[in-house]
2 protein chains.
Amino acid sequence: MPDTAGCPDCERINEVLSRVGDRWSVLVVISLARYGTLRFNELKRNLGISQRMLSLTLKELERDGLVNRTYHPTIPPKVEYTLTEMGQSFHAPVSALGSWALGNLNRIDAARQAYDNKAGGEIGTDAPA
Amino acid sequence: MPDTAGCPDCERINEVLSRVGDRWSVLVVISLARYGTLRFNELKRNLGISQRMLSLTLKELERDGLVNRTYHPTIPPKVEYTLTEMGQSFHAPVSALGSWALGNLNRIDAARQAYDNKAGGEIGTDAPA
DNA sequence: CGGTATCCCAAATGATACTG
DNA sequence: CAGTATCATTTGGGATACCG
């Protein structure tokens, strides 16, 4: 049993992150923040997510109080999703993380290549014949 | 193949997030940001992470240029981990996310209970006999 | 259209044992 | 102490088919 002793906050942060921190949740929140209101299949197309995962993700987000689901009992049915107030407040830190990600992708790629080159060249020190 | 069309940034954000966005990476970064320098087993104890996952996580973080690994070839060996400059800059948005998490855990729990109660009571509208 | 149910595969992770 | 290797299990997630 993991205890996360010594970093008591880690335990709780971990808790929330394992709920709303998965990639699909993050991407759904980002999309809804950008477009305001989206229907089920709009989200599906936008994110390239499978129907199953979108359904599960949205249900979780609704349950956690981050998104609002509005069902219009027309034919064919129409369901619209928006962010709740809490969902919008969640978008702020997520957006910060996204910005960092975009701003550092290149540096990370560079670091990776440097690391891989060093590791790869370790076996033979000089150039291959 | 998922395309993430319509949200071009999502694609790249997704990329970085799937690298450094997993829960163990986040928790390692938080711990190192708090304590400055930690040895392998200190991290292991602090986070309640398995040896294997810590090893993998640290290797990835080092590769991505977020943590520094210093090996002291003593007996017994001693390895110290710190955040690189980029690692520290990553800590800022992560910290924001962590703060949000801590500040909203209760509200999320409340939303969950409300949701679950509503769902559970849906079958029979009045109280059980 | 907006799901839910089922099946099945791939990736993540923990437990354990072994090594330098 | 600081790992690596192997195994077994759980979980994530796509494909498909069906329902209201």
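We name chains A, B, ... by the order of the sequence lines, and we start the count at 1 in each one.
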Practice task
Would you mind reading off the distance between A/Y81 atom OH and C/dC1 atom C1', rounded to a whole angstrom?
Solution key: 11 Å
Problem - Any B/K44 side-chain nitrogen or oxygen under 4.0 Å from OP1 or OP2 of D/dG3 - result: no
Practice task
Mind calculating the distance between CD (A/E42) and P (C/dC1) to the nearest angstrom?
Solution key: 11 Å
Practice task
Ignoring hydrogens and angles, tell me if any N or O in the side chain of B/T57 forms a donor-acceptor pair with the backbone of B/W24 under 3.5 Å.
Solution key: no
Problem - Toward the 5' end of DNA chain C, by each residue's nearest nucleotide, A/R69 or A/R52 - result: A/R69
Problem - Cationic N near anionic O, under 4.0 Å, B/R112 to A/E60 - result: yes
Completion exercise
A/L54 CG to D/dG13 P, in whole Å, measures 12 Å
Exercise for the section: Please state whether the phosphate of D/dG3, meaning OP1 or OP2, lies under 4.0 angstrom from any side-chain nitrogen or oxygen of B/S55. Expected result: no
Practice task
Let me know the distance between CG of A/L56 and C1' of C/dT4, rounded to the nearest Å.
Solution key: 10 Å
Handout entry: Nearest-nucleotide pick for A/S50, side chain only, options being D/dG14, D/dT4, C/dG20
Key = D/dG14
Practice task
Give a yes/no on whether any side-chain N or O of A/R39 is located under 4.0 angstrom from OP1 or OP2 of C/dG2.
Solution key: yes
Practice task
Round to the nearest Å and state the distance from A/F40 atom CZ to C/dT4 atom P.
Solution key: 8 Å
Practice task
With B/T82 as reference, evaluate B/T70, B/V67, B/T37 under the side-chain contact (heavy atoms from CB on, under 4.5 Å) test and give the passing residue.
Solution key: B/T37
Practice task
Would you kindly give the CE-to-P distance between B/M53 and D/dT11, to the nearest whole Å?
Solution key: 15 Å
Exercise for the section: Whole angstrom is fine here: how far is it from CG in B/L58 over to P in D/dA2? Expected result: 11 Å
Exercise for the section: Would you mind reading off the distance between B/Y71 atom OH and D/dC1 atom C1', rounded to a whole angstrom? Expected result: 9 Å
Exercise for the section: Report, as yes or no, whether the 6.0 Å neighbourhood of atom CD on B/Q88 holds more than 12 heavy atoms from other residues, nucleotides or ligands. Expected result: yes
Exercise for the section: Can you figure out which of C/dC1, D/dG13, C/dG14 approaches the side chain of B/R23 most closely? Expected result: C/dG14
Problem - A/R107 with B/E85: basic N within carboxylate O range, under 4.0 Å - result: no
Handout entry: Per A/W24 side chain, nearest of listed nucleotides D/dA17, C/dC1, D/dG13
Key = D/dG13
Practice task
With the side chain of B/P76 defined as its heavy atoms from C-beta on, choose the nearest nucleotide among D/dC1, C/dT4, C/dA17.
Solution key: D/dC1
